[in-house]
**Q** 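Can you read through this structure? Questions will come right after.
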Amino acid sequence: MDLLRFITAGSVDDGKSTLIGRLLYDSKSILVDQLEAIERASKSRDDGEIDLALLTDGLRSEREQGITIDVAYRYFQTPKRKFIIVDAPGHIQYTRNMVTGASNCQLAIVLVDARHGVVEQTRRHSLIASLLGIPHIVVAVNKMDLVDYSQDVFSDICIQYADLAKKLNVEQVTYIPMSALNGDNVVDRSGAMPWYDGSTLLEHLETVELSNDFGVQLPGRFPVQYVIRPQTAELHDYRGYAGKITSGTFHKGDTITVFPSGETSTIDAIEIAGNHLDMAEAPQSVVLHLSSDVDISRGDLIVRSDALPTSSQTVEAMLCWMDTKEFKVGNKYVLQVGTARTRCSVREIAYQLNVNTYEETEDVDSLKLNDMAKIVLRTAQPISFDSYQQNRATGGAILIDETSNVTVGALMLIGEA
């Protein structure tokens, strides 16, 4: 059974937490004690209805304010598929939370309030989803009950968002009218909108195509996590390289290249838990054995020689700044791509990107918390990577503060500067 990881995003009060609660409630994915707990917590409501948002808004401050502050993760499954839900905050000050939450997602649900249509937060979350390369977008037009389930209102919002998607080059967009509060078109089909003949949200989540989302069709990439060299009497000549295949496939006999050294060899054996295989693919964790003794250590990247990555000391990237200290030209950090780390300095801020209007502001010399910008870094050693838009596994990176060892920036690598 495959796994779909998806994120929900939208403005404050668009009903994200209620939507997730409805999805869990109507798909019978709530434990009895959870249901009893939210029934008790909902007794203060005048209408006596269960407050489904309480299923995800776990922090006390979230419940008091009726908003989502931190990223929340929920797991459920149906007979057709397993799911991990990432519930992202709607406030602009939590942009970094959405970037980190969405980085591994295959689908994004962008909630739109039917009364308000496409607003700034819709534009912001859609931009982040497109920058992160999320392949599937669902526009959930919520609170249709408050606009009398009007087909015209829904059609107008679809037209507004289609214009937005065109600017962002987002191709796979699905539009679903719903009422999370009443359960219309979330799990069960709505009788209030006979004009809508598409799938419900759950039907779409269960059937959306994910075949290439693990990157099996992409070039073979294997970041080395550990060199296994027991040097015992029984395993005198054993030398293996352990890690997780982040994209593509590797076969016994493949010619490989090791970066950053550029040395080549061939795969002598592929091992999983002591069993030898002829082939392995993403996202399997394996031990590779090579036919020759190549100098390889943790952080090196083993790739198939028929499709080489970029290797450079000057890197262009999109940055989401995640620290309260300012990001400035000339600052020094540690750059981590996969398992590889190297020191780097900020050479240039090409432009700052306004996440609400998509405007690019040049001549910027510093960034503040949650700012997004296109930057150029100079690294101490060459790093090997792919464009994030082509391969999320080897195109994503982080910046680490040298003194505190705290992650301060999320990067989507573009190419050699």
Side-chain angles (χ1 to χ4, degrees), residues 3 100 103-104 214-216 218-305 307-311 315 333-344 379-386 388 391-402 405-407 410-411 413:
L3 171 69
T100 52
S103 59
N104 292 318
F214 265 130
V216 175
L218 295 172
R221 301 288 184 258
F222 181 80
V224 177
Q225 292 184 11
Y226 190 71
V227 179
I228 303 174
R229 187 81 171 91
Q231 293 182 301
T232 61
E234 298 82 14
L235 299 167
H236 183 72
D237 295 321
Y238 188 100
R239 186 191 300 271
Y241 306 101
K244 177 182 176 180
I245 300 174
T246 55
S247 66
T249 58
F250 287 89
H251 298 78
K252 184 178 177 180
D254 278 350
T255 302
I256 59 93
T257 304
V258 182
F259 282 90
S261 68
E263 293 188 69
T264 61
S265 184
T266 57
I267 296 176
D268 205 29
I270 301 172
E271 183 185 344
I272 298 181
N275 298 313
H276 287 257
L277 309 174
D278 290 330
M279 184 272 287
E281 63 184 23
Q284 289 178 301
S285 294
V286 302
V287 177
L288 295 184
H289 299 267
L290 304 183
S291 60
S292 54
D293 288 337
V294 182
D295 183 14
I296 299 176
S297 58
R298 174 180 165 83
D300 287 356
L301 182 67
I302 296 176
V303 307
R304 280 179 38 175
S305 299
L308 302 181
T310 301
S311 186
V315 185
Y333 303 98
V334 173
L335 173 66
Q336 179 167 336
V337 185
T339 55
R341 284 190 175 194
T342 182
R343 298 182 73 212
C344 70
T379 61
Q381 286 93 30
I383 65 160
S384 306
F385 64 95
D386 296 292
Y388 187 89
N391 192 338
R392 294 166 75 185
T394 47
I398 57 173
L399 286 180
I400 301 167
D401 186 286
E402 289 185 284
N405 209 33
V406 170
T407 300
L411 292 169
L413 305 177

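Heavy atoms only: backbone and side chains are in, while hydrogens, waters and symmetry mates are out.
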**Q** Evaluate the side-chain contact (heavy atoms from CB on, under 4.5 Å) criterion for residues Ile302 and Ser265: first the C-alpha distance (whole Å), next the side-chain angles of each, then the deciding distance (0.1 Å), finally the verdict.
**A** CA-CA 10 Å; Ile302 296 176; Ser265 184; over 6 Å; no

**Q** Evaluate the side-chain proximity of His251 to Ile267: yes if any heavy-atom separation is below 4.5 Å, no if none is.
**A**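 Not in contact.
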
**Q** Determine the sole option in His276, Glu271, Lys252 for which the side chain to side chain donor-acceptor pair (under 3.5 Å) test with His289 is passed.
**A** Glu271

**Q** Output, in order, the C-alpha distance, side-chain angles, deciding distance and verdict of side-chain contact (heavy atoms from CB on, under 4.5 Å) for Phe250 and Ile256.
**A** CA-CA 9 Å; Phe250 287 89; Ile256 59 93; 4.3 Å; yes

**Q** Quick check: closest heavy atoms across Asp300 and Ile296, and the distance to 0.1 Å?
**A** OD2-CA, 3.4 Å

**Q** Please find the pair of heavy atoms, one from Ser291 and one from Asp268, that lie closest to each other, and give the distance.
**A**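 Heavy atoms of Ser291 and Asp268 come nearest at N-CB, 3.8 Å.
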
**Q** Can a side-chain donor-acceptor contact be found between Arg392 and Ser247 if the only test is distance below 3.5 angstrom?
**A**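 Judged by distance alone, the side chains do not pair up.
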
**Q** Any chance you could measure Tyr333, atom OH, to Glu402, atom CD, to the nearest 0.5 Å?
**A** 9.5 Å

**Q** Is there a donor-acceptor pair under 3.5 Å between the side chain of Thr257 and the backbone N or O of Ser305?
**A** no

**Q** Main chain of Pro283, side chain of Glu281: is a donor-acceptor contact present, judged purely on distance under 3.5 Å?
**A** no

**Q** Could you state the interatomic distance from CZ (Phe259) to OG1 (Thr394), rounded to the nearest 0.5 Å?
**A** 11.5 Å

**Q** I'd like to know if the side chain of Arg304 and the backbone of Thr249 have a donor-acceptor N/O pair within less than 3.5 Å.
**A**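 Judged by distance alone, yes, a pair lies under 3.5 Å.
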
**Q** Please report the shortest heavy-atom distance between Pro219 and Asn391, naming the atom on each side.
**A** O-ND2, 4.4 Å

**Q** Work out which heavy atom in Lys244 is nearest to a heavy atom in Ser285; give both atom names and the distance.
**A**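 In this case the closest contact between Lys244 and Ser285 is CB-OG, 3.7 Å.
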
**Q** Count the heavy atoms belonging to other residues, nucleotides or ligands that lie under 6.0 Å from OH of Tyr238, then report whether that count exceeds 12.
**A**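 Count over threshold, so yes.
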
**Q** Atom CD1 in Ile245, atom CG in Leu218: separation rounded to 0.5 Å?
**A**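 Taking CD1 in Ile245 and CG in Leu218, the distance rounds to 13.0 Å.
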
**Q** Within this structure, what is the CG-CZ distance for the pair Leu413 and Phe385, rounded to the nearest 0.5 Å?
**A**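 The distance works out to 5.5 Å.
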
**Q** Can you measure from OG (Ser292) to CZ (Arg239) and round to the nearest 0.5 angstrom?
**A**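 Result: 10.5 Å between the selected atoms.
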
**Q** Within the 4.5 Å heavy-atom criterion, are Val303 and Pro309 side-chain neighbours or not?
**A**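 Heavy-atom side-chain distance check passes, below 4.5 Å.
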
**Q** Measure the CD1-CG distance between Ile270 and Leu288 for me, rounded to the nearest 0.5 Å.
**A**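 Ile270 atom CD1 to Leu288 atom CG measures 6.0 Å (nearest 0.5 Å).
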
**Q** Locate the shortest heavy-atom distance separating Ala397 from Leu335; write the atom from each residue and the value.
**A** CB-CD1, 3.9 Å

**Q** Looking at Arg343, I'd like to know if its CZ atom is crowded, meaning that more than 12 non-hydrogen atoms belonging to other residues, nucleotides or ligands lie closer than 6.0 Å.
**A** no

**Q** Provide the closest heavy-atom pair for Pro260 versus Ser384 in the form atom of the first, atom of the second, distance.
**A** CA-OG, 4.4 Å

**Q** What I want to check is whether the side chains of Gln225 and Thr339 have a donor and an acceptor closer together than 3.5 Å.
**A** no

